[in-house]
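Here's the structure we're looking at; comments come further down.
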Amino acid sequence: MQAPRVRFAPAPTGYLHVGSARSALFNWLFARRHGGQFVLRVEDTDESKKSQEFVDAIVEPLRWLGLDWDEGPYFQSQRKHLYDVAIQQLIDGGRAYFCDLSAADSQRLSAEAGLREGYHGWSRDRNVADGDGVVVRFRVPDKGSTAIEDLIRGRVEVAHDTIDDFVIRRGDGSPVFFLANAVDDHDMGISHVIRGEDLLNTTPKVKLLWEALGYGTPPRYAHLPLLVNEQRKKLSKRRDSVALSEFMADGYLPEALLNALALLGWGPPDEVEIRPMAEIVSLFSLEVVNKGSAYFDLVKLKHINNAYIKALTPTEFVEAVAPWLPAHYDLGVVEALAGEVQQRISTLSEAPGWLDWLFVDEISEYDEKAWTKAMVKGRAADRVLAELVGVLETDPFNDSGRLEASTFEVGNRLSEELGARVMSQAPLRVALTGSGAGIPLWEAMTYLGKERTLSRIAAARSRLAG
RNA sequence: GCCCCGUUCGUCCAGCGGCCUAGGACGCCGGCCUUUCACGCCGGUAACACGGGUUCGAAUCCCGUACGGGGUACCA
């Protein structure tokens, strides 16, 4: 294949969401796979939508994901002169005309004529003069049809009599998406248009304009299956929380998110799902992309993110997780315990939940269920804690193996004395961490230190007594 | 309403006429490991929407039905 040129062309309507990110990714994958170029174009034809803030909301997440573009961003708002020329060309060639009718006018005329709702070329022969508030409409051929050969869906054909003469220039003079799309894709030499299926219906319109403008061979099209929510509806910014910024804030790794997104609508032939992006690039193929919509499952995303987190070296992990840690955390301690934390979290934001007990002065709150189980119902819990104080008082706290052995020794000794199994780790854990579940105690205790260990045991004993 | 698209385990993906008594992953269930929680390992659960064709042979091709979705704007 000749080096393709593809583009990601979002409208700056607020934040970037995962559906858009997936479209960007598939364009990027296709470009990288075939040694082509990836162009970024902001479709801000509607002036009211344009805002630097919204542009940042597109660019920043793309950078974070690592979807680097080779050209752009281009802004349609800065290319109006090109659209004006194209529109004039269509008017001069009799392919477009002025119209001053409102939606209500059109609706009334349709009703009076007994036709279906829609615009039925009402102003085609009215010779409306251009002016403020006057739009330009494209004259869709009465007969025939327009077909596209979609790389994913095959032939899609739409009869012209089902397409109304659509607006290509608004009353305020700004171009509409269809027109700007055709002009830009032609001007930028786009060879493949890869986007969501929600745009499939617009493609014949763009192709009609393309032909009317004498642009020659149009780009190849590929319409990706939609990403849907649990109700199988198209992901919506309103209903669904899908902002890329949220995934960033929750502590997903960009590589993991990209890997997960690549698996929606596409799968590698060897069925190995979690793998480096370089491999995905070399395996990627547009032709085998699925046709059915896909539900973006957060549970699976978390699994993938966990896999990526576990693969980090301790140093890498500390660097990645640092933004989620309170400033008073000792990063050296975090690094030493990294592996234990990594296997327990699916997002970076969960890390403090496993570490916080190491960086506070005392336990202010105990998990009641764990307390009851280990302290109240746990056999001889107070005896265990009392004995533990005895052995730990003289322990140098520099050897995790020794701390572990000493703890179990207390449990075993009491088991023998009482003739029933006595657990020593459980009450110690609750006393030190306030919780019944957590990372292994022993190495962590060397960082917690003797002083805090003994004071926490004392606090637990007095709570038990009270 | 009209136009367009789609339909393999609960979810995501593999399958592109015989290798399929349909494979992998997530989830779920069970077990091993473990004096916490996890990780890891082992095993199990579960699907070709339905009906007609075509063919020696169909999850794979064709038609229809049902269901789902998208579009129908001076949004993109």
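Heavy atoms only: backbone and side chains are in, while hydrogens, waters and symmetry mates are out. Computed from a predicted model, the values in this text were never measured in an experiment. Residue numbers begin at 1 in each chain, while the letters A, B, ... track the order of the sequences.
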Between B/C39, B/C3, B/U11, which one does the side chain of A/T162 approach most closely? B/C3
Close residues, residues 180-188 of chain A, relative to RNA chain B [heavy-atom separation under 4.0 Å]: none
Pull out every protein N or O sitting under 3.5 Å from an N or O of nucleotides 70-73 of chain B, one pair per line with the distance.
residue, atom, partner, partner atom, Å
B/G70, OP1, A/K234, N, 3.2
B/G70, N2, A/N201, OD1, 3.1
B/G70, N2, A/N201, ND2, 3.2
B/G71, OP1, A/K234, NZ, 2.7
B/G71, O4', A/N201, ND2, 3.2

Send over the distance from A/Y295 OH to B/C13 P, rounded to a whole Å. 13 Å
For residues A/H17 and A/D240, determine if any side-chain heavy atom of one lies less than 4.5 Å from a side-chain heavy atom of the other. no
In residues 103-111 of chain A, which residues come under 4.0 Å of RNA chain B by heavy atom? none
Validation: residues 372-380 of chain A side-chain donor-acceptor distances under 3.5 Å, sequence neighbours left out:
residue, atom, partner, partner atom, Å
A/T372, OG1, A/E368, O, 2.9
A/R379, NE, A/R421, O, 2.9

Side-chain N,O (A/N290) to OP1/OP2 (B/A14) below 4.0 Å: yes
Partner set under salt bridge (charged side-chain N to carboxylate O under 4.0 Å, His left out) for A/K207, not counting sequence neighbours: none
If you look at every strand shown and take non-hydrogen atoms under 4.0 Å, does A/V156 touch a base, only sugar-phosphate, or nothing? sugar-phosphate
Identified pairing partner of B/U65, criterion: Watson-Crick or G-U wobble below 3.5 Å: B/A49
Base versus backbone protein contacts along nucleotides 24-29 of chain B [heavy-atom cut-off under 4.0 Å; B, S, -]: BBSS--
In whole angstroms, how far is the P atom of B/C74 from the OH atom of A/Y97? 12 Å
Nucleotides 45-49 of chain B: which of its N/O atoms have a protein N/O under 3.5 Å away?
none

Among residues at least two apart in sequence or on other chains, which ones pass ring-ring contact (aromatic ring centres under 6.0 Å, His included) with A/F408? A/W442
Mind checking what makes side chain to side chain contact (heavy atoms under 4.5 Å, CB included) contact with A/A159, not counting sequence neighbours? A/D161, A/T162
What string of B, S and - do you get for nucleotides 32-38 of chain B 5' to 3' if you count protein non-hydrogen atoms under 4.0 Å? ---BBBB
Using a cut-off of 4.0 Å on non-hydrogen atoms, how would the nucleic acid contact of A/F177 be classed: base, sugar-phosphate, or nothing? base
With a 3.5 Å limit on both atom pairs, tell me what B/U54 is paired to, counting Watson-Crick and G-U wobble, or say none. none
Measure from NZ on A/K291 to P on B/G15 and round the result to the nearest Å. 11 Å
Under a 3.5 Å limit for both distances, which nucleotide forms a Watson-Crick or G-U wobble pair with B/A25, could you say? B/U11
Under 4.0 Å, counting only non-hydrogen atoms across every strand here, what does A/E157 touch: a base, just sugar-phosphate, or nothing? sugar-phosphate
Mind checking A/F178 for me? I need base, sugar-phosphate or nothing, with any heavy atom below 4.0 Å counting as a touch. base
Holding to side chain to side chain contact (heavy atoms under 4.5 Å, CB included), I want the full list of residues that pass it with A/R137, two or more places apart in sequence or in another chain. A/Y97, A/C99, A/Y119, A/V135, A/D165, A/V167
Partner set under side chain to side chain contact (heavy atoms under 4.5 Å, CB included) for A/E230, not counting sequence neighbours: A/Y295
